[in-house]
Amino acid sequence: MPFEFHIDIIDQIWKGIIIGVIASGLMGPVGVLCVQRTLNKGRWYGLVTGFGATCSDIIYALLTGFGMSFVMDLITNPKNLFVLQILGSILLLLFGIYSFRNNPTKHMHVSGKTKGTYLYNGITAFWLTFLNPLIILLFIAMYAQFKFVVPDHPVEMVSGYFGIFGGALLWWYGLTWVIDKVRGKFDNNGIVIINKIIGSIVIVCSIIILIGTVFNLYTFHY
């Protein structure tokens with residue numbers, strides 16, 4: 001039993017990491033801002049921008065998790081859960097298509113070269129992300145597909161939320177590292193390319209998950 005308990009926690013952490021990476025990887029205004037600040041001000045300013053966005057994301061992740069836990073009696077029914085997973089897969093597919101077709105530089109917030117403080121850069125990124133509550137729909141889709149919400153298992157849930165936080169930070173760390181390495185060769189077209197790559201990955205994965213769910217080939221075990 002103790003062995004199975006630890007496996008559950010590890011499984012939940014991995015789910016959280018994947019959710020955190022996907023939530024941060026779909027390039028929106030804050031993603032563009034992070035790239036711009038990395039190029040104009042330096043990597044640490046870009047990383048602080050990502051940290052601010054992560055703090056906002058984890059708030060919405062918690063709110064979504066708490067909200068879904070109140071209706072778990074309804075969705076733990078196998079038929080209802082199946083429908084919710086299908087809807088989650090479709091919603092995730094739509095997010096991927098939107099990300100692929102969207103040009104995040106079109107209405108981007110242009111970052112100047114005035115550095116400001118780390119606190120200022122973090123707070124502005126936090127509010128830019130927080131003012132986009134549509135991310136709740138993305139969390140609902142991923143929670144449903146990954147069976148992330150497990151009521152009455154507080155240790156596993158807390159571990160999962162730490163996974164989301166860590167996954168988001170991992171994305172911003174990797175993004176700023178890449179941008180810093182290709183400095184001078186990266187422009188707005190690079191942002192669009194990254195957006196299309198991430199969108200393509202989400203599209204492919206959501207289709208695979210959708211097909212697997214329909215044919216009961218793809219399941220997660222607690």
Which of Asn121, Thr54, Ile59 passes side chain to side chain contact (heavy atoms under 4.5 Å, CB included) with Phe126? It is Ile59
Nearest heavy-atom approach of Ser24 to Trp172 is OG-NE1, 3.6 Å
Tyr45 and Tyr118: CA distance, side-chain angles, deciding distance, ring pair (Phe, Tyr, Trp, His ring centres under 6.0 Å) verdict:
CA-CA 6 Å; Tyr45 284 90; Tyr118 287 130; 4.6 Å; yes
**Exam field: side chain Lys15 to backbone Phe146, donor-acceptor pair closer than 3.5 Å** = yes
If we only count heavy atoms from C-beta on, is the [X] to [Y] side-chain gap below 4.5 Å?
| X | Y | result |
| --- | --- | --- |
| Tyr161 | Ile164 | yes |
| Phe148 | Gln12 | yes |
| Arg37 | Val48 | no |
| Phe165 | Leu170 | no |
| Leu62 | Phe66 | yes |

message = In this structure, would Tyr120 and Val35 fall into the same cluster of hydrophobic residues linked by side-chain contacts under 4.5 Å?
response = no
ILVMFWY cluster, Val158 and Ile9 together (side-chain gap under 4.5 Å):
no
The reported gap from CD1 in Ile207 to CD1 in Ile90 (rounded to nearest 0.5 angstrom) is 11.5 Å
In this structure, OG of Ser159 is separated from CG of Asp11 (nearest 0.5 Å) by 11.0 Å
Subject >> Donor on one side chain, acceptor on other, Thr176 and Arg43, under 3.5 Å >> reply: yes
